[in-house]
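Contents: one structure, followed by commentary.
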There are 2 protein chains.
Amino acid sequence: MPADQDPAARTPRATLRDVALRAGVAISTASLVYSGKKPVAPATAEKVREAATELGYHGPDPIASSLRQGRSGVIGAVVPSRLLHAFRDPYAVTMFDGLAETLGDLGTGLLLMPESAPGSEPPPGSNLAVDAVVFLLSSEEAHPLVPELVGRGIPMVGTGSPVDPHIVQVRVDDRRATAALARHVHELGHRHVGHVLMPLQPDQVTRRVTRAEVAEATLPITRERAEGVRDVFGDVPMVSAAEADIEAGRAAADLLLGLDPRPTAILAQSDLLAVGAVRAAEARGLRVPEDVSVSGFDGVELPWLGRRLTTVDQRPAEKGRLVGEALRHLLAGESVEDVELDAPLRLGDTTAAPPRPAPPTPGPPG
Amino acid sequence: MPADQDPAARTPRATLRDVALRAGVAISTASLVYSGKKPVAPATAEKVREAATELGYHGPDPIASSLRQGRSGVIGAVVPSRLLHAFRDPYAVTMFDGLAETLGDLGTGLLLMPESAPGSEPPPGSNLAVDAVVFLLSSEEAHPLVPELVGRGIPMVGTGSPVDPHIVQVRVDDRRATAALARHVHELGHRHVGHVLMPLQPDQVTRRVTRAEVAEATLPITRERAEGVRDVFGDVPMVSAAEADIEAGRAAADLLLGLDPRPTAILAQSDLLAVGAVRAAEARGLRVPEDVSVSGFDGVELPWLGRRLTTVDQRPAEKGRLVGEALRHLLAGESVEDVELDAPLRLGDTTAAPPRPAPPTPGPPG
DNA sequence: TTGTATGCGTTATCAA
DNA sequence: TTGATAACGCATACAA
């Protein structure tokens with residue numbers, strides 16, 4: 001069915017002025033009927049509504065209203081251009097869900113602003129009318145939109161990156177949380193562990209990386225989680241996954257499990273990567289956790305996994321809600337401090353004591 | 001780090017007028033420097049840019065620009081309030097991804113408009129400035145926002161529901177596609193099949209449903225897919241899942257597998273439900289496809305499943321792209337016809353011939 | 001409780 | 001190529 005191509009329908013849309021005129025009241029009075037900011041006599045209101053119905057007027061034009069009020073009622077959310085990939089991670093979706101919850105109460109909309117190829121000028125989205133911007137999944141330490149938004153005086157909230165003094169951050173202490181997890185694994189008796197990292201660069205391949213390379217990772221959390229591991233285990237073999245997904249996690253863990261000595265535990269920087277590690281172990285005929293322990297990071301729900309991952313729960317839903325709270329205060333003109341979110345260790349069934357070392361070449365006991 | 005609470009920063013933001021004044025040109029000329037709609041002498045442009053830099057002016061205010069131009073550059077996307085749940089289905093995410101792709105080229109943003117409790121007045125989102133609205137995941141035949149948007153003359157694109165003559169639909173022929181799939185299963189030799197349906201109502205429980213109940217389902221595709229099955233198999237046992245997810249699919253399929261005679265094939269209305277059916281079969285010690293065949297609907301990627309589902313590929317990414325194309329034309333003022341998307345059958349490894357019936361009670365052959 | 005008048009920051013039209 | 005001016009549709013301060 002074709003839409004609205006009726007030529008006769010090309011009549012200009014009624015405005016508040018038309019309605020007021022028809023109702024025989026002033027524009028300002030008609031405005032009050034819709035905003036409700038001041039009392040209007042019931043009879044007057046009724047007249048206005050009638051006129052509106054007759055004219056097919058459906059309320060004030062949001063754009064004009066926005067201009068007058070100086071607010072658009074919209075929050076911009078900068079998201080990776082490959083939305084698909086980002087939302088394949090329950091962590092991202094859960095966090096958005098928490099944010100949407102707060103925003104729903106606020107009555108503001110969430111505008112997805114896909115980041116595009118770097119270098120495009122002006123950065124896309126800079127012409128969109130938003131009251132504030134959130135960076136929930138950014139993997140860059142710097143972002144072309146930030147100076148732009150700072151210049152426009154648009155408040156920003158982030159979850160770690162990009163890094164800028166104008167961005168209110170809601171985040172966990174990645175290093176400390178990772179160290180707590182690593183300590184648990186250490187206390188179980190593990191001494192040979194491998195670390196699966198998020199991608200160091202946007203388009204890389206799954207490969208072993210050095211401490212020096214990690215120090216230059218674009219994503220701050222990658223560095224910090226790696227430091228958390230080092231705080232407990234010192235230098236350990238590290239493999240950076242090509243993507244933050246299961247398949248890359250599997251490939252990365254497989255590299256680690258091929259080392260000699262084989263790690264007895266794989267610490268992954270996300271739950272999805274950890275799932276991949278479980279797969280890699282199983283593919284080699286290793287049992288988790290009897291032969292290999294595996295841990296993740298995030299604390300997302302993985303109902304289809306059939307087991308509970310040992311992980312750091314950074315409470316993504318709560319994180320999203322806190323971002324929403326920060327936004328609420330910023331929009332109210334209040335000043336907001338950075339928020340540190342508590343991220344407790346969650347013990348699952350994918351970690352256990354390491355296997356007893358196989359007896360050396362059989363021979364007469366000493 | 002606190003954001004922008006510097007009291008001295010409360011200076012009013014520079015406008016185009018300030019810039020023009022400082023550059024010694026007319027406002028309209030300064031405007032042209034930013035819009036590029038008419039040529040401006042290089043020297044003049046340079047003066048304007050300089051003045052802008054000095055004043056910290058970062059380009060025209062998007063809201064004012066929108067008002068003047070009558071377009072906001074934003075597309076509204078009505079999404080279920082439980083974003084989390086919706087985006088757990090790769091079908092939804094993939095479709096959004098396809099849409100975002102087209103929209104990215106268009107330079108327009110995507111505004112998420114969560115639908116909230118029915119009956120709220122006015123419907124949320126009616127005060128948001130959007131140039132068009134898409135319904136990608138709506139499960140209601142009618143939607144409170146639709147009359148509102150029709151009244152405002154805002155073009156709409158949907159994927160089946162809500163149903164309204166003003167909405168341009170991009171969809172597949174669910175009945176025909178399902179019938180083609182059912183025919184394949186029939187030709188394999190199956191005669192006892194069970195059908196797993198999407199939820200008939202928002203908050204229901206997983207339970208067996210009658211043909212009469214299905215006829216009143218809120219979601220049109222639920223009805224149409226059920227009809228597709230009936231076209232081939234006639235009346236079959238039907239179970240409506242409580243949610244469109246794996247767990248509910250498992251529960252629903254489990255009900256069917258407990259019937260006598262046990263179905264030799266489970267036809268599910270979505271791939272996620274089908275995954276649940278595979279799980280249910282396995283939990284009963286039944287092999288797929290040797291003991292039970294399972295089919296889905298959607299054609300999403302399920303890399304973690306480790307097998308290929310027999311399904312109808314409704315090419316969600318392409319669907320999203322086509323929605324984007326329809327939007328593009330509508331925004332250009334062109335009229336657009338409904339689009340029917342081809343949805344081919346994809347044979348996987350979850351369907352096969354039914355098992356030979358167990359021999360009846362042993363006895364002397366006739 | 002209602003009306004009058006002003007301007008939000010731009011862009012389009014037209015004339016120069 | 002540039003400038004003056006008039007909208008865009010509304011919400012607010014203030015007066016009545």
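Sequence lines set the chain letters: A, B, ... in the order given, protein chains first and strands last, and positions in each chain run from 1. It should be emphasised that the depicted structure is a prediction, and the values quoted were computed from it without experimental measurement.
Residues forming a ring pair (Phe, Tyr, Trp, His ring centres under 6.0 Å) with Phe87(A) (at least two apart in sequence, or on another chain): Phe96(A), Phe87(B). Partners of Asp131(A) according to the side-chain hydrogen bond (donor to acceptor under 3.5 Å, both in side chains) rule, which considers only residues two or more places apart in sequence or in another chain, are Ser72(A). In this structure, Ala142(A) has no side-chain contact (heavy atoms from CB on, under 4.5 Å) partners at least two apart in sequence or on a different chain. Qualifying side-chain hydrogen bond (donor to acceptor under 3.5 Å, both in side chains) partners for Glu140(B), counting only residues two or more places apart in sequence or in other chains: none. In this view, Tyr34(A) satisfies the side-chain hydrogen bond (donor to acceptor under 3.5 Å, both in side chains) rule with no residue, not counting sequence neighbours. Listed by chain and residue number, Gln69(A) satisfy the side-chain hydrogen bond (donor to acceptor under 3.5 Å, both in side chains) test with Ser65(A) (two or more places apart in sequence, or in another chain). With sequence neighbours left out, Ser31(A) forms a side-chain contact (heavy atoms from CB on, under 4.5 Å) with Leu16(A).
For the atom pair CG of Leu330(A) and CZ of Arg328(A), the computed distance is 11.5 Å after rounding to the nearest 0.5 Å.
Applying the side-chain hydrogen bond (donor to acceptor under 3.5 Å, both in side chains) definition to pairs two or more places apart or across chains, none involves residues 149-162 of chain A. Pairs of residues two or more places apart, or lying in two chains, that qualify as side-chain hydrogen bond (donor to acceptor under 3.5 Å, both in side chains) and include a residue from residues 40-54 of chain B are Arg22(B)-Glu54(B).
Relative to the axis of its first five pairs, the axis of the last five pairs of the helix from dT1(C)-dA16(D) to dA16(C)-dT1(D) sits at 30°, rounded to 10 degrees.
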Original post:
Tell me, for nucleotides 8-16 of chain D in 5' to 3' order, what letter each nucleotide earns: B for a base near a protein heavy atom under 4.0 Å, S for only sugar-phosphate near one, - for neither?
Top reply: BBBBB-B--

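Of the residues in residues 40-53 of chain A, Val40(A), Ala41(A), Thr44(A) come within less than 4.0 Å of DNA chain C through at least one heavy atom, sorted by number.
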